[in-house]
Amino acid sequence: MKFEKIQAPKGVREYLPPESQSFEWVREQLISPAKAAGYQLMELPVFEDTNLFTRGVGESTDVVSKEMYTFEDRGGRSITLRPEGTAGVMRAVIESNLDRGQLPVKVWYSGQFFRAERPQAGRYRQFYQVGIEAIGIDDPALDAEVIAIADRGFKNLGLKNYRLEITSLGDAQSRAAHRVDLLKFISGLQLDEATVSRAAINPLRLFDDKRPEMQEAMAKAPILLDYLSPASAQNFAAVQSYLKEMGIAFTINPRMVRGLDYYTGTTFEFIHPDLGAQSGIGGGGRYDGLMETLGGQALSGIGFGLGVDRALLAAIAESTVPSQEFTSDLFIIPLGDESKGQALTIASSLRASGIRTEIAFGDRALKGAMKAADKSGARYVIVLGESELRDGSVELKRMSDGVTSSVKIAQLQDELQRALAL
RNA sequence: GUGGGCGUAGCUCAGCUGGUAGAGCACUCGGUUGUGGUCCGAGAUGUCGCGGGUUCGAGCCCCGUCGUUCACCCCA
């Protein structure tokens, strides 16, 4: 009887051994700077009330209007798999009153997110992000720190070929003033229907159009940075000077457009040129109205999300992924059923003292088991057979050069710890 | 949602203008008794994505379908 194979759903990216080690490494490198800066872990659900995203992220965004995994649960509630991280953090902060204590609230998260898009290089329907949020303080120094933490994550990966782009979306007045002029400008252009409707949703998006003729047309469009209120301009200048003081390289991209509606003030993106069409490896910004929109206090926040999948692709492109193959310290080959019990016992106690120990299972010939030991990359091997059980000592074989030494089983732990310390 | 490329052993692929499948790597066993990496020998594995059509005959041609991949859109 043969059953049909079941495949993974379209667009999911899985990380299997040995590649999973690289993935794990990337994730840790990206988030460790946040831990070092006093941000604390927040573990959140991957599904939320759909309203959280329609209200928080914005109904006009592509993410919400056509990329959400939304379904009805058994109680008839509309549930959505989270397409981004910030809204969920805000919901949890408000719900648990974390914003009633010491500010800023500083948290980090890590996990998978979901968007129902056509898969493509670096774009998956389930993808991984790490992110942080700092909520409750509006201070350009905090903006600079958040950017610096993300930048440090990429530096931890050994990446050199990425760039940081920043801009400011200003405050509400700045944006309103700019919008009037931008719409006026756009109305003077000859646009196709699709583009007109995009402009109606968010005129800023036209800056992001990849078609050369559109780029050219938009080259003369009024730029938001020129409309910043004095306070916004001063704030943005401060962020820049802090970044310079920290030695973080950046370029100002006044045409930067982010996909989520809640951003205000400082916004930024990290871009890696070697990844194909999906070149953004991370991004974030400040969001002034989000918390209030979600029923909380009128507090400002700033945060980022970094794409773990794409960061890994970038690290592969720059060949910075360490070849840290998994290796155990000792490989035990039991010969015969008698020895298996002892192998299990020895392995168990060695592991308890931190020695990574594997056992050869099954009843393979010694040659085959040695081959398995070799493949595993284990540094030492012992064979447990009749004679070893009889006189309580084993030949400890160093795989790098084949040299063996006789060791009492009782001394094995000490001997290994001495040998491995080298 | 739209468009292009590709779907042959576990993996990477070859298969000439159609004549009923191959390589390398990996894997298993062996090269005389319980010791890996090199070498030598042997072996297993494919409904050539699926369905239909053209043909005496299709992995190769045509149509459909599914999957995958890249790009548009959008974004991490």
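Both backbone and side-chain heavy atoms feed into the values below; hydrogens, waters and symmetry mates do not. Residue numbers begin at 1 in each chain, while the letters A, B, ... track the order of the sequences.
Residue contacts shown for A:Gln7 are limited to sugar-phosphate atoms, with no base heavy atom under 4.0 Å away. Looking at heavy-atom distances under 4.0 Å, A:Tyr124 makes contact with a base. Note on A:Ser387: a base of the nucleic acid sits closer than 4.0 angstrom, heavy atoms only. Heavy atoms of A:Ser339 sit nowhere under 4.0 angstrom from any nucleic acid atom. A:Gly131 comes within 4.0 angstrom of nothing in the nucleic acid, heavy atoms only. Within 4.0 Å of A:Leu366, counting heavy atoms only, lies at least one base atom of the nucleic acid. A:Ala373 comes within 4.0 angstrom of no nucleic acid atom, judged by non-hydrogen atoms across all strands.
Candidate nucleotides B:rU68, B:rA76, B:rC73 were compared by shortest atom distance to the side chain of A:Asp62, and B:rC73 ranks first. Side-chain proximity of A:Ala121 to B:rU68, B:rU35, B:rA71: nearest is B:rA71. For A:Met370, the listed nucleotide lying nearest its side chain is B:rG36; candidates were B:rG36, B:rG34, B:rA76.
For A:Arg205 and B:rC75, the shortest distance from a side-chain N or O to OP1 or OP2 is below 4.0 Å. Remark: A:Arg364 is in phosphate contact with B:rU28, judged by side-chain N or O atoms under 4.0 Å from OP1 or OP2. Residue A:Arg258 places at least one side-chain N or O under 4.0 Å from the OP1 or OP2 atom of B:rA76. Phosphate proximity of B:rC72 to A:Gln120: present, with a side-chain N or O under 4.0 Å from OP1 or OP2. At the phosphate of B:rG31, neither OP1 nor OP2 sits under 4.0 Å from any side-chain N or O atom of A:Lys367. Checking the phosphate oxygens (OP1, OP2) of B:rG36, no side-chain nitrogen or oxygen of A:Lys397 falls inside 4.0 Å.
Taking atom C1' in both B:rU68 and B:rG49, the straight-line distance is 10 Å, to the nearest Å. Nucleotides B:rC39 and B:rU47 place their P atoms 31 Å apart, quoted to the nearest Å. With both ends at atom P, the span from B:rG37 to B:rA26 equals 12 Å, rounded to whole Å. Nucleotides B:rC48 and B:rG67 have their C1' atoms positioned 16 Å apart, rounded to a whole Å. Comparing the C1' positions of B:rG10 and B:rG19 gives a spacing of 30 Å, expressed to the nearest Å. B:rA14 sits 23 Å from B:rG4 when the P atoms are compared, rounded to a whole Å. Nucleotides B:rC50 and B:rA21 place their P atoms 15 Å apart, quoted to the nearest Å. Between the C1' atoms of B:rU8 and B:rU45, the separation comes to 14 Å (whole Å).
A donor-acceptor contact closer than 3.5 angstrom is absent between the side chains of A:Glu48 and A:Thr80. Using modelled atom types, one finds no donor on one side chain facing an acceptor on the other under 3.5 Å when comparing A:Ser78 with A:Glu72.
Side-chain atoms of A:Gln278 stay outside donor-acceptor range of the base of B:rA71, with no qualifying N/O pair under 3.5 Å. Judged by atom type and distance alone, A:Glu388 reaches the base of B:rG34 through a side-chain donor-acceptor pair under 3.5 Å. No N or O donor and acceptor, one from the side chain of A:Arg118 and one from the base of B:rC70, sit under 3.5 Å apart. Applying the 3.5 Å distance criterion, the base of B:rC73 shares a donor-acceptor pair with the side chain of A:Arg123. No hydrogens or angles were tested; on distance alone, a donor-acceptor pair under 3.5 Å links the side chain of A:Asp374 to the base of B:rG36.
In this structure, A:Arg398 places its CZ atom 16 Å from C1' of B:rU35, rounding to the nearest Å. The interatomic distance linking A:Met399 (CE) with B:rG36 (P) rounds to 9 Å, in whole Å. Atom CG of A:Leu396 is separated from atom C1' of B:rG36 by 15 Å (rounded to the nearest Å). Atom OH in A:Tyr15 sits about 16 Å away from atom P in B:rA76, given to the nearest Å. Rounded to whole angstrom, the span from the OH atom of A:Tyr263 across to the C1' atom of B:rC75 amounts to 11 Å. Atom P of nucleotide B:rC73 and atom CZ of A:Arg125 are separated by 18 Å, given to the nearest angstrom. The distance between atom CG of A:Leu30 and atom P of B:rA76, rounded to the nearest whole Å, is 15 Å. What separates CZ of A:Arg115 from C1' of B:rA76 is a distance of 6 Å, to the nearest Å.
When both pairing distances are held under 3.5 Å, B:rG1 makes a Watson-Crick or G-U pair with B:rC72. Searching all strands for a Watson-Crick or G-U wobble partner of B:rU17 with both distances below 3.5 Å returns nothing. In this entry B:rG64 has B:rC50 as its Watson-Crick or G-U wobble partner, both defining distances falling under 3.5 Å. In this structure, B:rU35 forms no base pair with any nucleotide, since neither Watson-Crick nor G-U wobble geometry is met with both distances under 3.5 Å. Across the strands present, B:rU12 finds its partner in B:rA23; the criterion is a Watson-Crick or G-U wobble pair with both atom distances under 3.5 angstrom. Remark: B:rU28 base-pairs with B:rA42. Criterion, Watson-Crick or G-U wobble with two distances under 3.5 Å.
Comparing A:Val403 and A:Phe127 against RNA chain B, the residue whose closest nucleotide sits nearer the 5' end is A:Val403. Toward the 5' end of RNA chain B, the nearer of the two residues A:Gln129 and A:Ala8, judged by each one's closest nucleotide, is A:Ala8.
A salt bridge is defined here as a Lys NZ or Arg NE, NH1 or NH2 lying under 4.0 Å from an Asp or Glu carboxylate O, and A:Asp329 with A:Arg356 meets this definition. With salt bridges taken as basic N to acidic carboxylate O contacts below 4.0 Å, none links A:Asp309 and A:Arg123. Under the 4.0 Å criterion applied to side-chain N and carboxylate O atoms, A:Glu415 and A:Arg418 are assigned as salt-bridge partners. Comment: A:Glu338 does not engage A:Lys340 in a salt bridge, judged by the lack of any side-chain N to carboxylate O separation of less than 4.0 angstrom. A salt bridge links A:Glu269 with A:Arg258: the distance from a Lys NZ or Arg NE/NH1/NH2 to an Asp or Glu carboxylate oxygen falls below 4.0 Å. Using a 4.0 Å cut-off between charged side-chain N and carboxylate O, A:Glu145 and A:Arg152 make no salt bridge. Salt bridge annotation for A:Glu117-A:Arg125: absent, with no cationic side-chain nitrogen under 4.0 angstrom from a carboxylate oxygen.
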